[in-house]
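In what follows, a single structure is set out as C-alpha cells and then discussed.
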There are 2 protein chains.
Amino acid sequence: MDIQLKRGLLDVCVLAAIKNGESYGYKIIKDLKPCIDMSESTLYTILKRLELADMLTVRTAEHGGRLRKYYRITKAGLGRIEDFKDEWREVMAIYQFVIKEDEEHE
Amino acid sequence: MDIQLKRGLLDVCVLAAIKNGESYGYKIIKDLKPCIDMSESTLYTILKRLELADMLTVRTAEHGGRLRKYYRITKAGLGRIEDFKDEWREVMAIYQFVIKEDEEHE
DNA sequence: ACATAATACATCATATCACGAGGTATCGAT
DNA sequence: ATCGATACCTCGTGATATGATGTATTATGT
C-alpha cells in the first residue's frame, strides 16, 4: 500500500486497536496485521507520540517473566477517532473528484 | 484537514486535475480549491515530482505576455489513478476497522 | 544441550514530503 | 503610480515511516 496513503491512517488505527480495551505493542501489531502492516519501529514511535499527545495512557506490568506496557485510550483519543470520522467526508469528496469521469469526453 | 491524511491524496488530485485536458499550475490550484487546498510551493513541488516520474509532460507557451507551463497527463499518470482506485478498497477496509463499534461492549 | 523462533521492548539514521517565507516578473484596474 | 491578480520558482524546516540494530526472556524443535 502506498506509504503516503497510510500516513493519515496509522495513528487512528492504533487508537482503534485499543479503543475496546487496553492492549500492548506486540499485540497491536498482530491485531492490525490483517488490516494494515506496521513495523515495530513505526508502532513504538506512534505510541510514544500518542502518549505525548495525551491520547492514551500507559501502565507497565509483568507477564510471564517479561515486561509489558499496556496502553489505554483516553477521552482525547476517542475524540481523535470522532474527528477522523468527520474528516472522512472531505476525504470521500476528494476521492469522488479523482475518480469522476468527464461526461463530455467519456 | 489533517496534513497526514492529505499526503496520499495530493499527487493523485493534481493528476485528476489534468486528466481531461492540459492545464497549468496557477489554474490547477484554483480548480482544486473547492476540493482541496494546496499552496503554490506544494503544487510546484508535486508537478516537478510527477514530471520526473513520467506521469506528466510539460510544454511552455506564451499567453498574454506571460509564460505558462502546460502540463499533460501521460499513460503512466492515468495508470497511477487506476492504481489509486484499486488501493481505495484497502483504504475503505481500514476506515471500516477504525469506525466499527465492538458489539460486545457497545 | 543447543539453536532457533517468538515475544517484547527500544533507538537511531535516513528519506520523503508539505508548506511558509521569500523572490521575480508581467498585466490590468483604480 | 499603486495594488491586486497572474504566473512561475527556491530554500529551510518540521513531521514522520521505516530498516537496521540492539537487548532480554521464554518456548519450541531436534
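Sequence lines set the chain letters: A, B, ... in the order given, protein chains first and strands last, and positions in each chain run from 1. As a basis for the values below, the full set of heavy atoms in this structure was taken, side chains included, without hydrogen atoms, waters or symmetry mates.
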Would you say C:dT7 has OP1 or OP2 under 4.0 Å from some side-chain N or O of A:K30?
yes
B:Y24 side chain N/O closer than 4.0 Å to the phosphate oxygens (OP1, OP2) of D:dA7?
yes
With heavy-atom distances below 4.5 Å as the criterion, would you say the side chains of [X] and [Y] are in contact?
X: B:I73; Y: B:I81; value: yes
X: A:D2; Y: B:F84; value: no
X: B:I28; Y: B:L47; value: yes
X: B:L5; Y: A:L9; value: yes

Rounded to the nearest Å, what distance is computed from the [atom1] atom of residue [X] to the [atom2] atom of nucleotide [N]?
X: A:D31; N: C:dA8; atom1: CG; atom2: P; value: 12 Å
X: A:Y44; N: D:dA20; atom1: OH; atom2: P; value: 18 Å
X: A:I29; N: C:dT7; atom1: CD1; atom2: P; value: 11 Å
X: A:L32; N: D:dT18; atom1: CG; atom2: P; value: 12 Å
X: B:Y26; N: C:dT26; atom1: OH; atom2: P; value: 17 Å
X: B:D2; N: D:dA15; atom1: CG; atom2: P; value: 13 Å
X: A:K33; N: C:dT7; atom1: NZ; atom2: C1'; value: 14 Å
X: A:E51; N: C:dC9; atom1: CD; atom2: C1'; value: 14 Å

When every nucleotide of nucleotides 13-21 of chain C is labelled 5' to 3' by its protein contacts under 4.0 Å (heavy atoms), B for base, S for sugar-phosphate only, - for none, what sequence of letters results?
---BBSBBB
Would you please name every residue forming a side chain to side chain contact (heavy atoms under 4.5 Å, CB included) with B:Q96, sequence neighbours left out?
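So B:Q96 forms a side chain to side chain contact (heavy atoms under 4.5 Å, CB included) with B:M92, B:I99.
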Hydrophobic cluster membership, B:I36 vs B:V14, 4.5 Å side-chain cutoff:
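Same cluster: B:I36 reaches B:V14 through Ile, Leu, Val, Met, Phe, Trp or Tyr contacts under 4.5 Å.
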For B:S23, what residues pass the side-chain hydrogen bond (donor to acceptor under 3.5 Å, both in side chains) criterion, not counting sequence neighbours?
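Residues passing side-chain hydrogen bond (donor to acceptor under 3.5 Å, both in side chains) with B:S23: none at all.
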Using a 3.5 Å distance criterion without hydrogens, assess whether the side chain of B:E90 forms a donor-acceptor pair with backbone atoms of A:M1.
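Side chain of B:E90 to backbone of A:M1: no pair is present.
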Would a distance-only check, ignoring hydrogens and angles, find a side-chain to backbone donor-acceptor pair under 3.5 Å from A:K6 to A:D37?
yes
Could you identify which residues of residues 57-70 of chain B place a heavy atom less than 4.0 Å from some atom of DNA chain D, listed by residue number, or say none?
B:R66, B:L67, B:R68, B:K69
Side chain to side chain donor-acceptor pair (under 3.5 Å) assessment of B:R68 paired with B:Y70:
CA-CA 6 Å; B:R68 273 186 190 165; B:Y70 290 94; 3.0 Å; yes
Grab the N/O contacts between the protein and nucleotides 28-30 of chain C below 3.5 Å, and write none if there aren't any.
none

Does B:R59, at its CZ atom, have more than 12 non-hydrogen atoms belonging to other residues, nucleotides or ligands within less than 6.0 Å?
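Buried by this count: over 12 neighbours within 6.0 Å.
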Around A:R49, counting heavy atoms of other residues, nucleotides and ligands shown, do more than 12 lie under 6.0 Å from its CZ?
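Count over threshold, so yes.
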From B:V12, B:I46, B:L50, residue fulfilling side chain to side chain contact (heavy atoms under 4.5 Å, CB included) relative to B:M55:
B:L50
Go through B:E51 and B:K48 one step at a time and tell me if the salt bridge (Lys or Arg N to Asp or Glu O under 4.0 Å) criterion holds.
CA-CA 5 Å; B:E51 188 192 351; B:K48 190 73 63 74; over 6 Å; no
In residues 83-97 of chain A, which ones come under 4.0 Å of DNA chain C, going by heavy atoms?
none
